[in-house]
Structure formats: structure tokens, C-alpha cells
Amino acid sequence: MSFRPSPRQLEYFIALAETMHFGKAAEKCNVSQPTLSSQFKLLEDQLGAILLERGGGNISLTAAGENLLPLARQALENLDEIVTAAQAGRSNLGGLIRLGVSPTFGPYFMPHFLPILKRDYPGLELYIREDRPNLLEEGIASGALDCVITPDISPSNQLVERVLCHEDVSLAVPKSHPLAGLDVVPTAMLRDEKLLSLSQGFRLHDDVQALARAAGADFRQEYEGTSLDALRQMTSMGMGLALFPAAYIASEFGKEPDLLLKKVEDLPMLRHMYLVWRRGSSRTAHFETLLELALMAVEAMNVKGVEVPGK
């Protein structure tokens with residue numbers, strides 16, 4: 001299509017149809033009469049249709065004008081709706097956020113986060129996708145997700161990473177295990193121990209692999225769990241030792257009578273949770289606000305071992 005009427009031309013047309021007078025229409029549109037007349041004539045020329053019948057000092061709509069008038073009004077109404085929706089979006093963080101969350105953190109964080117979002121932005125629509133961190137990173141890179149909450153993300157020039165919290169990670173051992181009597185487990189005493197892990201794509205998989213290398217332990221890939229619950233059950237059954245993050249421990253270990261939690265000597269057992277979005281996004285201000293609310297939710301969790309940075 002080679003030509004589209006401008007909103008201003010449509011306003012002139014509607015004002016002429018309503019007043020049937022060039023002077024009054026110009027006054028209504030806050031322009032000079034010559035400006036309105038020339039722009040309206042240009043509209044007719046570009047459309048290739050006469051919209052007003054002029055003669056004898058009187059003007060009236062032609063058949064083409066009658067047909068096009070409701071379309072012109074509808075076009076301006078649609079433009080007004082675009083502005084209204086955009087303004088509503090500003091007050092609701094854009095109206096829709098597609099958020100990806102790691103399943104090793106989301107189930108224990110989102111119950112605190114969602115009420116805060118609902119309270120401050122009741123009109124916000126939130127699409128939540130829970131997935132492995134590597135798939136969340138793919139989702140944000142492809143544009144399928146707007147932002148993600150994920151642990152220990154790989155640095156990238158294409159992404160903005162903001163620390164949400166630091167989370168302690170502990171080693172779980174069965175009460176019947178020889179290491180059960182130790183408060184802190186020396187790394188050397190894990191040599192040849194069986195270490196269980198979540199499957200590939202989870203950051204805890206990489207953490208367990210690093211611990212196994214440092215300690216000379218047996219990294220049991222054939223027993224990889226698909227969830228922290230499955231990993232906890234396998235550890236409780238004596239199939240091996242495993243790592244668990246603090247938020248999961250606070251939520252689920254109260255009903256676990258057969259496991260004890262230990263720190264590992266000389267090895268930092270800490271993971272960092274990030275809120276991540278694409279660098280240069282036009283919605284950066286929305287995501288900065290989302291981070292502020294997410295930090296409030298972390299504090300509301302009040303979980304030992306989950307701390308807001310700088311506090």
C-alpha cells in the first residue's frame with residue numbers, strides 16, 4: 001500500500017464532517033484554515049476520492065465521504081486504544097512478563113514473590129516457565145522469555161545479570177553414615193564416597209561434579225535425579241551423598257528424619273541466584289522494578305542461609 005492517511009488528516013476530515021464549515025473545523029483542530037484546507041485537499045488527492053461536495057457556500061459529504069467517515073473515526077479510536085494500552089502497561093510493568101524460574105529455587109521463592117507482585121501491580125499478567133537453567137538461558141536468548149531467575153549464570157555481553165540472593169548449599173548424609181558424627185566434613189574424607197546429582201542442565205550437577213573432582217569422590221551419573229525430592233529420597237535410602245540448597249532444605253527437610261546436613265571443609269558451598277534479562281531491552285526499567293520486588297520477597301522468605309546481597 002503506497003499511501004496511508006495520517007491521524008491529523010483524519011482529524012481534519014472528521015471535524016469537517018461534524019461542522020460542515022472549513023473555518024469552524026480549523027478552529028476545532030487548532031490550526032489555520034489554509035492549513036486545514038490544503039491538508040484535506042491532499043487527503044482527497046491521495047485517496048483518489050472526493051469526500052466533500054463544495055458549492056454555493058455550502059458543503060456536504062459525498063457518498064465516498066459517508067462510507068469513509070465511520071472508518072476514519074474507528075481508526076482514530078484504535079490509535080487512542082494503543083496509547084491507553086501503553087500507558088496501562090507502564091503502570092503494570094508492561095502488562096505481561098514472561099518469567100523463567102529454576103525449579104530448584106522457584107517453588108520456595110514464588111509463594112513469597114507472587115503476593116508482592118499482585119499487591120503492587122494487580123493488572124500485571126505473569127507467564128511462568130519452570131525449567132532447567134540451561135533451557136532458561138536458551139529461552140531468554142531466543143526471546144521466548146523476558147527475564148529469568150536462575151543460579152550462577154554464565155557471564156555474557158548479551159545479558160544483564162543482577163544478584164538476587166546468596167544461598168548456602170549443604171551436604172546431606174544418612175544418620176547411619178560414618179560421617180554423620182562430624183559437624184564439618186573434611187574434603188579428604190569424601191574420597192571414594194558416592195555423590196549423587198541432579199541431571200545435566202542443573203547447576204547443582206556442575207557443583208557435585210566439582211566437589212567429586214576436588215575430593216576424589218565417585219560421581220554417580222547413573223543415579224542422577226530429576227528433582228530435589230528424588231535426590232533426597234535416594235540419599236535417604238543410602239544410595240550416596242548429595243548437595244541441597246538452603247531454600248529447599250527449609251521447605252522440605254523438616255519432614256526428613258533420616259538425613260543430617262553438613263558443611264564441607266575448605267570448600268565454598270554457596271550459590272548465587274540472579275535475575276537476568278537481555279542487555280539493551282526497552283523494558284530495563286520494568287526489570288529493575290521487578291528486581292526490587294524480588295529482593296523484598298527474598299527477605300520475606302526469612303530462610304537461614306538465603307541472604308540478600310549486602311545485608
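Predicted, not measured: the structure shown is a model, and the values here were computed from it. Values reported hereafter were calculated over all heavy atoms of this structure, with side chains retained and with hydrogens, waters and symmetry mates removed.
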Query raised in the report: Are L43 and I50 grouped together when hydrophobic residues (ILVMFWY) are joined by side-chain heavy atoms under 4.5 angstrom apart?
Result: no
Requested in this report: Determine whether L42 and I14 fall in the same hydrophobic cluster, where Ile, Leu, Val, Met, Phe, Trp and Tyr are linked whenever their side-chain heavy atoms lie under 4.5 Å apart.
Outcome: no
Query raised in the report: Quick one: does R232's side chain get under 4.5 Å of F244's, heavy atoms only?
Result: yes
Query raised in the report: Considering all heavy atoms of both residues, which atom of L290 and which atom of C147 are nearest to each other, and what is their separation?
Result: CD2-SG, 3.7 Å
Requested in this report: Begin from the C-alpha positions of V163 and L275 and carry the test side-chain contact (heavy atoms from CB on, under 4.5 Å) through to its verdict.
Outcome: CA-CA 6 Å; V163 178; L275 179 65; over 6 Å; no
Report task. Check whether more than 12 heavy atoms from other residues, nucleotides or ligands sit under 6.0 Å from atom CZ of R8, and answer yes or no. Result -> yes
Query - Expected output: side-chain T187 to main-chain E265 donor-acceptor under 3.5 Å - result: yes
Query raised in the report: Do the side chains of D229 and Y248 get nearer than 4.5 Å, heavy atoms only?
Result: yes
Query raised in the report: Aromatic rings F105 and F109: how do their planes relate, parallel, tilted or perpendicular, breaks at 30° and 60°?
Result: parallel
Query raised in the report: Parallel, tilted or perpendicular: which fits the ring planes of W277 and F287, with parallel below 30° and perpendicular above 60°?
Result: tilted
Query - Side-chain (T235) to main-chain (L231) donor-acceptor, under 3.5 angstrom - result: yes
Report task. Can you see which heavy atom on A300 is nearest to which on H112, and at what distance? Result -> O-ND1, 3.8 Å
Requested in this report: Indicate yes or no for a side-chain donor-acceptor contact from Q9 to the backbone of S6 under 3.5 Å, with no hydrogens or angles considered.
Outcome: yes
Query raised in the report: Between A246 and V306, which heavy-atom pair has the shortest distance, and what is it?
Result: CB-CG2, 3.8 Å
Report task. Any chance you could lay out the side-chain contact (heavy atoms from CB on, under 4.5 Å) test for R129 and L145, step after step, and finish with the verdict? Result -> CA-CA 8 Å; R129 173 180 161 190; L145 296 172; 4.1 Å; yes
Query raised in the report: Side chains of K263 and S170: is there a donor and an acceptor less than 3.5 Å apart?
Result: yes
Query raised in the report: Should I149 and M273 be marked as a side-chain contact (heavy atoms from CB on, under 4.5 Å) after you check the CA-CA gap, both sets of side-chain angles, and the distance that decides it?
Result: CA-CA 7 Å; I149 294 175; M273 299 301 303; 4.1 Å; yes
**Report entry** side chain to side chain donor-acceptor pair (under 3.5 Å) between R279 and T284, worked out
**Finding:** CA-CA 8 Å; R279 188 175 299 280; T284 292; over 6 Å; no
Query raised in the report: Taking side chain as C-beta onward, heavy atoms only, is L261 less than 4.5 Å from I249?
Result: yes
Requested in this report: Taking only Lys NZ, Arg NE, NH1 and NH2, and the carboxylate oxygens of Asp or Glu, determine whether R162 and E288 approach each other closer than 4.0 Å.
Outcome: yes
Report task. Can you measure from CG (L270) to CD (E307) and round to the nearest 0.5 angstrom? Result -> 8.5 Å
**Report entry** Side chains of T104 and R203, donor plus acceptor under 3.5 Å
**Finding:** no
Query raised in the report: When you check the gap from the basic side-chain N to the acidic O, do E11 and K28 get nearer than 4.0 Å?
Result: no
Query raised in the report: Are the side chain of E77 and the backbone N or O of L79 linked by a donor-acceptor pair below 3.5 Å?
Result: no
Report task. State plainly whether one hydrophobic cluster holds both L16 and L47, where clusters connect Ile, Leu, Val, Met, Phe, Trp and Tyr through side-chain heavy atoms under 4.5 angstrom apart. Result -> yes
Requested in this report: Quick one: closest heavy-atom pair of E161 and I153, and the distance?
Outcome: CG-CG2, 3.5 Å
Query raised in the report: Is the shortest heavy-atom distance from the side chain of L228 to the side chain of L204 under 4.5 Å?
Result: yes
Requested in this report: Indicate whether any N or O donor in one side chain lies under 3.5 Å from an N or O acceptor in the other, for Y127 and D146.
Outcome: no
Report task. Could you check if a side-chain atom of K194 sits within less than 4.5 angstrom of a side-chain atom of F219, using non-hydrogen atoms only? Result -> no
Query raised in the report: Considering only heavy atoms from C-beta outward, does the side chain of L126 approach that of L99 to under 4.5 Å?
Result: yes
**Report entry** side-chain contact (heavy atoms from CB on, under 4.5 Å) between L68 and F13, intermediate numbers included
**Finding:** CA-CA 10 Å; L68 295 183; F13 172 38; 4.2 Å; yes
Query - Any V173 side-chain heavy atom under 4.5 Å of K262 side chain - result: yes
Query raised in the report: At what distance, to the nearest 0.5 angstrom, does SG of C29 lie from NZ of K24?
Result: 14.5 Å
**Report entry** Spacing of L243 atom CG and D168 atom CG [to the nearest 0.5 Å]
**Finding:** 12.0 Å
Report task. Grab the two heavy atoms, one from T226 and one from L198, that are nearest each other, plus how far apart they are. Result -> C-CD2, 4.2 Å
**Report entry** N78 versus Q74, side-chain donor and acceptor atoms under 3.5 Å
**Finding:** yes
Query raised in the report: CD of E53 to CD1 of I59: how many Å apart, nearest 0.5 Å?
Result: 11.0 Å
Report summary line: Rounding to 0.5 Å, atoms CZ (R54) and OG (S37) come to a distance of 8.0 Å
**Report entry** Atom pair CD (Q46) and CZ (F3), whose distance is rounded to the nearest 0.5 Å
**Finding:** 4.0 Å
Report task. May I ask whether V276 and L135 are part of the same hydrophobic cluster, defined by side-chain heavy atoms of I, L, V, M, F, W, Y residues being less than 4.5 angstrom apart, directly or through others? Result -> no
Query - Note: E193-R220 ion pair, threshold 4.0 Å (strictly below) - result: no
Query raised in the report: Taking atom types as modelled and ignoring hydrogens, do the side chains of T35 and S32 form a donor-acceptor contact shorter than 3.5 angstrom?
Result: yes
Query - Ion pair E44/K41, N-O distance below 4.0 Å - result: no
Query raised in the report: Is M189 reachable from V184 through a run of I, L, V, M, F, W or Y residues, each pair having side-chain heavy atoms under 4.5 Å apart?
Result: no
**Report entry** Minimum heavy-atom distance between R98 and A144, given as atom pair plus value
**Finding:** NH1-O, 3.4 Å
Query - Whether over 12 other heavy atoms sit under 6.0 Å from Q209 CD - result: yes
Query - Heavy-atom donor-acceptor pair, R132 side chain to Q200 backbone, under 3.5 Å - result: yes
Query - Note, L52 side chain near S60 side chain (heavy atom, < 4.5 Å) - result: no
